[in-house]
There are 2 protein chains.
Amino acid sequence: MSELHQLTELQIAVMRVLWDKGEATVAEIWEALRPERGLAQTTVATLLSRLEKRGVVAHKSRARQYLYRATVTESDVRRVMVRDLTERLFDGDVAALMSHLLTGREVTPGDLARVKKLVEAKESGKEVGRAEK
Amino acid sequence: MSELHQLTELQIAVMRVLWDKGEATVAEIWEALRPERGLAQTTVATLLSRLEKRGVVAHKSRARQYLYRATVTESDVRRVMVRDLTERLFDGDVAALMSHLLTGREVTPGDLARVKKLVEAKESGKEVGRAEK
DNA sequence: CAAGAACTACTACACATGTAATACTACGGT
DNA sequence: ACCGTAGTATTACATGTGTAGTAGTTCTTG
């Protein structure tokens with residue numbers, strides 16, 4: 001569980017479509033990405049082909065189309081990539097990363113309330129929080 | 001502040017040496033990286049040369065040696081890369097990232113206490129926390 | 001039927017990164 | 001002076017990623 005879960009920005013964007021839809025064709029992914037990127041459809045196709053070669057996605061044929069699905073979960077990708085970033089930039093110290101986040105400017109009072117609740121839940125050993133995909 | 005702050009694992013490792021020492025020669029960086037990697041010195045030199053071309057580091061000559069220093073701060077690199085990761089994998093939602101961190105297994109009671117304190121300090125508008133580099 | 005659209009397969013280019021050898025020069029030690 | 005070491009400059013290769021055109025085939029529409 002290493003190379004399969006380290007993805008670039010564009011790769012994540014593609015996986016996002018697959019995670020959200022469950023499965024999709026090249027055209028559907030292309031359509032979904034189009035508003036924010038003007039990629040050629042063949043660019044998307046190539047990317048998927050390579051991701052499949054790597055084992056990150058898989059396809060089944062439906063008529064003339066390939067129906068792609070993710071073989072790695074969003075949850076696992078998140079886990080690995082956050083862990084890697086923490087390792088590289090925070091010496092593996094999760095608390096340091098959180099401290100960093102809390103000293104940033106994008107944290108709202110609502111965010112703080114949410115985090116506080118999660119901390120308390122974690123402290124008490126209760127299982128509270130967002131469902132993991 | 002975009003391309004200058006997006007660094008790969010090896011690049012970060014090199015920058016780590018510069019951030020910690022303030023400035024260093026190729027040989028010093030090579031020496032520092034050697035225990036965990038068996039890179040050729042020329043590999044390190046090339047990497048630095050490229051990073052300099054990009055503007056991430058700069059050098060001054062001292063005798064026959066180049067003395068390199070970072071032109072980007074660890075703090076800014078952290079900021080940008082954490083932001084990018086949050087953007088890509090958590091739809092920009094910092095609280096979601098923190099939630100993710102809190103539901104991981106590597107969070108210790110000490111970590112939780114620390115975070116809780118930080119949250120409270122942030123809520124009260126007080127400036128508490130780790131000094132930023 | 002013919003033309004166009006849809007779709008995959010194949011190919012190619014540019015760039016970045018990791019890796020490292022070679023060439024060249026300067027310095028230090030014998 | 002000579003040789004070995006140190007350090008930079010240059011060069012090169014492999015791999016991965018982003019990007020996209022072309023070729024070939026199949027299906028749809030007029």
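Throughout, protein chains are lettered first and strands after them, A, B, ... in sequence-line order, and every chain is numbered starting at 1.
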**Request:** If a protein heavy atom is under 4.0 Å from the base, mark B; if only from the sugar-phosphate, S; if neither, -; do that for nucleotides 23-30 of chain C going 5' to 3'.
**Result:** ---BS---

**Prompt:** Is there side-chain contact between H5(A) and D84(A), with heavy atoms separated by less than 4.5 Å?
**Reply:** no

**Item:** Any Q65(A) side-chain N or O less than 4.0 Å from OP1/OP2 of dA6(C)
**Value:** no

**Asked** What residues, two or more places apart in sequence or in another chain, satisfy side-chain hydrogen bond (donor to acceptor under 3.5 Å, both in side chains) together with R34(A)?
**Response** E31(A)

**Prompt:** Do any pairs count as a salt bridge (Lys or Arg N to Asp or Glu O under 4.0 Å) and have a residue in residues 50-60 of chain A, sequence neighbours left out, and if so which ones?
**Reply:** E23(A)-K60(A)

**Asked** Reading DNA chain D 5' to 3', which nucleotide is the first, and which the last, to come under 4.0 Å of any heavy atom in chain A?
**Response** dT17(D) to dC27(D)

**Item:** Whether T108(B) side chain and D111(B) backbone form a donor-acceptor pair below 3.5 Å
**Value:** yes

**Prompt:** Which part of the nucleic acid, if any, lies within contact of R62(B), taking any heavy atom under 4.0 Å across all strands shown: a base, the sugar-phosphate backbone alone, or nothing?
**Reply:** nothing

**Asked** Considering only heavy atoms from C-beta outward, does the side chain of R16(B) approach that of E74(B) to under 4.5 Å?
**Response** yes

**Item:** Contacts of type side-chain contact (heavy atoms from CB on, under 4.5 Å), residue A27(B), not counting sequence neighbours
**Value:** T25(B), Q41(B)

**Request:** Strictly below 4.0 Å, heavy-atom distances to any atom of DNA chain C: list the hits from residues 23-42 of chain B, or just say none.
**Result:** L39(B), A40(B), T42(B)

**Asked** Please give, in whole Å, the distance from dG18(C) C1' to E9(B) CD?
**Response** 11 Å

**Fill in**
side-chain contact (heavy atoms from CB on, under 4.5 Å) filter on F90(A), not counting sequence neighbours, yields T86(A), A96(A), L97(A), H100(A), R78(B), V82(B)

**Message:** Go through it in stages, so that I can follow the logic: the residues are M81(B) and L85(A), the test is side chain to side chain contact (heavy atoms under 4.5 Å, CB included), and I'd like the CA-CA distance, side-chain angles, deciding distance and then a yes or no.
**Reply:** CA-CA 8 Å; M81(B) 291 185 72; L85(A) 187 75; 4.1 Å; yes

**Between dA16(C) (P) and E3(B) (CD): distance, integer Å** = 10 Å

**Stretch residues 44-53 of chain A: residues that reach within less than 4.0 Å of DNA chain D through a heavy atom** = T46(A), L47(A), R50(A)

**Set of residues satisfying side-chain hydrogen bond (donor to acceptor under 3.5 Å, both in side chains) with respect to T8(A), sequence neighbours excluded** = Q11(A)

**Message:** Tell me every residue that passes side-chain hydrogen bond (donor to acceptor under 3.5 Å, both in side chains) with Q65(B), counting only those two or more places apart in sequence or in another chain.
**Reply:** R62(B)

**Request:** Just jot down the side-chain contact (heavy atoms from CB on, under 4.5 Å) partners of K116(B), sequence neighbours excluded, or say none.
**Result:** V119(A), E120(A), E123(A), E120(B)

**Request:** Using the test side-chain hydrogen bond (donor to acceptor under 3.5 Å, both in side chains), find all partners of E9(A) that sit at least two apart in sequence or belong to another chain.
**Result:** R37(A)

**Message:** Test your reading of the model: is there a side-chain donor-acceptor pair from S49(A) to the backbone of A45(A), 3.5 Å cut-off?
**Reply:** no

**Request:** Assign T8(B) to base, sugar-phosphate, or nothing according to its heavy-atom contacts below 4.0 angstrom with the strands shown.
**Result:** sugar-phosphate

